[in-house]
Amino acid sequence: MTTVRIPAGWPATEAQARAVQDELRGRVVLDEPGPPPGTGRVTGVDVAYDDERDVVVAAAVVLDAATLDVVAESTAVGRVPFPYVPGLLAFRELPAVLAALDALPCEPGLVVCDGYGLAHPRRFGLAAHLGVLTGLPTIGVAKNPFTFAYEEPDAPRGSSSPLLAGEEEVGRALRTQQDVKPVFVSVGHRVSLDNACAHTLRLAPRFRLPETTRRADALCRKALKATEYVV
DNA sequence: GCGACAG
DNA sequence: ATCTTGTCGC
């Protein structure tokens, strides 16, 4: 388990955080399709907290995209760098996620985040933010629709409907299992929305959530329980 | 002004 | 995110 170092100048207030979003959001790349599903590597990242002890643990789990076997994993611990504010989740989660990605022994390939990318009040959710900071292709897969509207997709696995901010399609509600609540997919960086949905579907052959987030979630929780001291 | 609100 | 037992189902 490596230690989180909060980057110099990391925002401390909501106003600073919004200024950073405004500065970085123009750097998102939207005209690349991204890696083809089922090839190379796919990495899930997630974070667990103990607010009582001011501890955060992130995990990164690298899967073989064809077999979904785990090929590498890493964790990082540190202090919680920012409070939970809807719309500013990246400032709470990313320092630990960046440290975990740095600790990996191989390239992560496509990174799947727990949350949103462009489907965000300011069009710059944590998946987009992580993509811009690392240059990696990223997507966001969220469990809730946040503030967005959508019509219920058809019952079969693979059905989807647009996630709407007014008239604009900012993501998609994607049914990964028949008759199960959809997940909410949006583009982060260097991946098209169609491709993001195709990846998500391949990563969820058996359960609602992609294997990437299931693996990363399990690992960061386990690592948090095992954590005793954080200096 | 109040409520809602990814994790 | 996290607090939490048993319970229904594959």
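In what follows, chains carry the letters A, B, and so on, assigned in the order in which the sequence lines appear, proteins first and then strands, with residues in each chain numbered from 1.
- Within 4.0 Å of A/D50, counting heavy atoms only, lies no atom of the nucleic acid at all.
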Ignoring hydrogens and angles, write down the donor-acceptor pairs under 3.5 Å from the side chains of residues 139-148 of chain A, residues two or more places apart or on other chains.
{"residue": "A/K143", "atom": "NZ", "partner": "A/D114", "partner atom": "OD1", "Å": "2.9"}
{"residue": "A/K143", "atom": "NZ", "partner": "A/D114", "partner atom": "OD2", "Å": "3.3"}
{"residue": "A/N144", "atom": "OD1", "partner": "A/K181", "partner atom": "NZ", "Å": "3.4"}

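- Here A/G87 lies in heavy-atom contact (under 4.0 Å) with a base.
- Between A/N144 and B/dG7, a side-chain N or O to OP1/OP2 separation shorter than 4.0 Å is present.
- Shown for residues 117-131 of chain A: residues whose heavy atoms fall under 4.0 angstrom of DNA chain B, namely A/H120, A/G125, A/L126.
- As judged by a 4.0 angstrom heavy-atom cut-off over every strand, A/L88 is placed among the base-contacting residues.
- Rounded to whole angstrom, the span from the CZ atom of A/R92 across to the C1' atom of B/dC5 amounts to 14 Å.
- By the criterion of side-chain heavy atoms lying less than 4.5 angstrom apart, applied directly or through intervening Ile, Leu, Val, Met, Phe, Trp or Tyr residues, A/L30 is grouped together with A/L136 in one hydrophobic cluster.
- In terms of the salt bridge (Lys or Arg N to Asp or Glu O under 4.0 Å) criterion, A/E107 has no residue partners (sequence neighbours excluded).
- Other residues sharing the hydrophobic cluster of A/L164, ordered by chain and number and joined by side-chain separations under 4.5 Å: none, the residue standing alone.
- When the ring pair (Phe, Tyr, Trp, His ring centres under 6.0 Å) test is applied to A/H120, no partner is found at least two apart in sequence or on another chain.
- Within the 4.5 Å cutoff, no side-chain heavy atoms of A/H189 are placed close to those of A/L130.
- For B/dG7, the OP1/OP2 oxygens have a side-chain nitrogen or oxygen of A/K143 closer than 4.0 Å.
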**Item:** Under the 3.5 Å Watson-Crick or G-U criterion, the dot-bracket string of DNA chain C, with | for inter-strand pairs
**Value:** ..........

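- Note: CZ (A/F146) to P (B/dA6) measures 6 Å, nearest angstrom.
- Residue A/Y49 is in sugar-phosphate contact alone, with no base atom involved, counting any heavy-atom pair closer than 4.0 Å across all strands shown.
- Test A/V71, A/V111, A/L101 against A/V62 for side chain to side chain contact (heavy atoms under 4.5 Å, CB included) and you get one pass: A/V71.
- Contact annotation: the side chain of A/L203 approaches that of A/L68 to within less than 4.5 Å [non-hydrogen atoms, C-beta and beyond].
- Straight-line distance from the OH atom of A/Y84 to the P atom of B/dA4: 13 Å, rounded to whole Å.
- Taking every nucleotide of DNA chain C with any atom under 4.0 Å from a non-hydrogen atom of chain A, the first and last of them, 5' to 3', are C/dA1 to C/dT2.
- A search for ring pair (Phe, Tyr, Trp, His ring centres under 6.0 Å) contacts involving A/F91 returns A/W10, A/F82, A/H129, not counting sequence neighbours.
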**Item:** Secondary structure string for DNA chain B (Watson-Crick or G-U under 3.5 angstrom, | for other-strand pairs)
**Value:** .......

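- Contacts between residues 192-216 of chain A and DNA chain B, defined by a heavy-atom separation below 4.0 Å, involve no residue at all.
- Under a hydrophobic clustering in which Ile, Leu, Val, Met, Phe, Trp and Tyr are joined whenever their side-chain heavy atoms come within less than 4.5 Å, directly or via other members, A/V180 and A/L163 fall into different clusters.
- Partners of A/R27 under the side-chain hydrogen bond (donor to acceptor under 3.5 Å, both in side chains) rule, at least two apart in sequence or in another chain, do not exist in this structure.
- For the pair A/R123 and A/Y116, the cation does not sit on the ring face, since its NZ or CZ is not both under 6.0 Å from the ring centre and inside 45° of the axis.
- Applying the under-4.5 Å side-chain rule to Ile, Leu, Val, Met, Phe, Trp and Tyr, the cluster around A/Y84 extends to A/L89, A/L126.
- Counting heavy atoms from C-beta outward, A/C220 and A/V47 have side chains that stay 4.5 Å or more apart.
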